[in-house]
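Here's the structure we're looking at; comments come further down.
Numbered from 1 within each chain, the chains take letters A, B, ... in sequence-line order. This is a predicted model, so every value here is computed, not measured.
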Number of protein chains: 2
Amino acid sequence: MVATTPPSTRREPLTRDRVLRVAIDRADEGGVEALSMRPLAQELGVVPMALYKHVANKDQLLDAMVDAVMGEVNEAVSRVDAGSPAWQPTIRARILAARNVFLSHPWAPGLMVSRTTMTPAVVQYVDGLVGLFLDAGYSIDLTHHALHALGSRALGFTQELYDDSGEADAQAEQMLEQMAAAYPNITAMVAGIVHDADTTLGWCDDQVEFEFALDLLLDGLAALRARS
Amino acid sequence: MVATTPPSTRREPLTRDRVLRVAIDRADEGGVEALSMRPLAQELGVVPMALYKHVANKDQLLDAMVDAVMGEVNEAVSRVDAGSPAWQPTIRARILAARNVFLSHPWAPGLMVSRTTMTPAVVQYVDGLVGLFLDAGYSIDLTHHALHALGSRALGFTQELYDDSGEADAQAEQMLEQMAAAYPNITAMVAGIVHDADTTLGWCDDQVEFEFALDLLLDGLAALRARS
DNA sequence: ACCTGAACACCGTTCAAGT
DNA sequence: ACCTGAACACCGTTCAAGT
């Protein structure tokens with residue numbers, strides 16, 4: 001047999017980082033609501049109570065997970081800032097880079113809106129974004145309004161309310177037909193969009209919708225800046 | 001003693017409506033995460049399992065609660081439609097009326113974004129809103145984009161990410177001072193807004209921010225409609 | 001001093017035993 | 001047939017007993 005690490009140190013020591021890493025992996029796979037302390041400990045080959053040496057409680061674990069994802073966002077954003085001189089494309093690119101990170105951690109947005117404490121990495125990200133607005137000549141007031149108007153979109157995600165991106169299966173179509181009488185407008189809209197669809201992605205593309213809304217807001221804000 | 005309802009029928013019978021009503025009351029007071037089946041049953045003077053005669057499980061109870069709130073919204077909206085002929089003020093008024101309802105059920109937004117099933121009252125509300133856009137001459141495509149761009153704001157709420165409406169207490173101010181070096185932009189923004197504040201509400205007013213963002217979006221959409 | 005198993009105080013829900 | 005208590009399979013976390 002090949003010489004590996006000696007048996008006594010085979011089980012790599014439990015660190016806060018390792019706890020965070022597998023917690024995030026588990027959340028990526030099964031969602032955050034399926035993440036509980038006991039199975040997490042088991043996956044780490046450790047007794048449940050051992051986790052409490054590295055995180056005070058589950059709440060702090062969740063905060064740390066969010067912070068780690070925002071750390072990824074900050075790293076991704078720093079790679080993207082090859083500095084176009086125009087402020088609007090810069091902000092746009094930064095937000096879309098952030099969005100890319102959230103696409104691989106779909107549980108993170110839900111966690112972020114439910115949590116009230118702002119972690120350091122979030123503060124860092126927002127500080128950078130505020131800096132871009134101020135550098136672009138936005139007043140402090142307008143920058144503040146912009147942050148609220150963008151809402152979670154400033155961080156790079158939206159909480160889609162109801163999933164309308166799924167392909168229309170037989171059951172849904174039948175239900176739609178029954179709804180036609182009671183809800184004529186929504187039925188017309190769905191029918192019209194399905195008909196016009198030029199992709200096979202279903203009848204709406206999250207990326208397109210995100211960019212549409214983002215540009216609508218950034219254009220509107222730019223007009224307000226120019227006017228002031 | 002005064003003749004009241006006879007003792008045998010004193011305890012009014014448990015109905016689905018009564019379950020919903022006190023469930024919503026409890027959520028209004030303590031938040032939805034503090035709502036559990038056992039205490040809910042106790043408040044209703046009933047054994048926990050009795051609830052399961054009226055709701056299949058807790059998930060269905062939560063869906064029904066959301067539907068009830070959206071019912072309130074639809075009712076409020078119907079009272080507001082004293083029909084201005086212009087589409088934009090009409091949509092604006094409708095959304096602000098919806099928002100008013102959510103202000104007294106602060107747990108509802110969080111529940112709505114976490115749930116994937118669209119209840120009848122939601123469909124009804126969205127159908128009405130889509131109707132307004134279509135009547136205003138919006139194309140089906142633009143209406144669909146509008147719905148996505150407005151997001152939860154179309155329903156009358158935003159999930160505020162981090163609460164910055166609190167008054168700056170001593171601890172927060174001290175922390176802010178320590179942050180000034182690391183996060184100059186955000187510090188400048190907070191300082192600037194606190195200084196300019198013309199209200200005692202703290203340094204931002206949710207209602208004002210909501211209307212600002214709503215108008216920004218509706219104005220932008222109106223421009224797109226005019227151009228097409 | 002450190003680690004850990006059992007225990008505590010909860011959950012939502014099943015199910016069999018009572019009426 | 002209907003109602004319901006006890007029980008089941010989980011939670012997060014405390015704590016005292018082991019080393």
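Using cut-offs of 30° and 60° for the angle between ring planes, the A/F157 and A/F102 rings count as perpendicular.
Pairing partner, C/dT14: D/dA6, with both Watson-Crick or wobble hydrogen-bond distances short of 3.5 Å.
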Anything under 3.5 Å between a donor and an acceptor, one on a side chain of residues 33-44 of chain B, the other on a protein residue two or more places apart or in another chain? List them.
{"from": "B/E43", "atom 1": "OE1", "to": "B/R26", "atom 2": "NH1", "distance (Å)": "3.0"}

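For the pair A/Q42 CD and D/dC11 P, the computed distance is 10 Å after rounding to whole Å. Between A/E33 atom CD and C/dG12 atom P there is a gap of 16 Å when expressed in whole angstrom units. Between B/K58 atom NZ and C/dT13 atom P the separation is 8 Å, expressed in whole Å. The separation between A/L51 atom CG and C/dC2 atom C1' is 16 Å, rounded to whole Å. One interatomic measurement links the two molecules: OH of B/Y52 to P of C/dT13, which rounds to 4 Å at whole-angstrom precision. Per the geometry, CG belonging to A/L14 stands 10 Å off P belonging to C/dT4, to the nearest Å. Between the P atom of C/dC3 and the NZ atom of A/K53 lies a distance of 6 Å, rounded to the nearest Å. When rounded to the nearest whole Å, the span between CE of A/M37 and C1' of D/dT14 equals 13 Å.
At the heavy-atom level, B/M49 lies under 4.0 Å from base atoms of the strands shown.
DNA chain C is contacted by both A/V47 and B/R38; A/V47 maps to the nucleotide lying nearer its 5′ end (nearest heavy atom per residue).
With P as the reference atom, D/dG18 and C/dC8 are 16 Å apart, rounded to whole Å.
Applying the side chain to side chain donor-acceptor pair (under 3.5 Å) test to pairs two or more places apart or on separate chains, those with a residue in residues 98-112 of chain A are A/D28-A/H105, A/D28-A/W107, A/E72-A/H105, A/R99-A/Q207.
Of all non-hydrogen atoms in B/N57 and B/Q60, the two that sit nearest each other are OD1-N, 3.0 Å.
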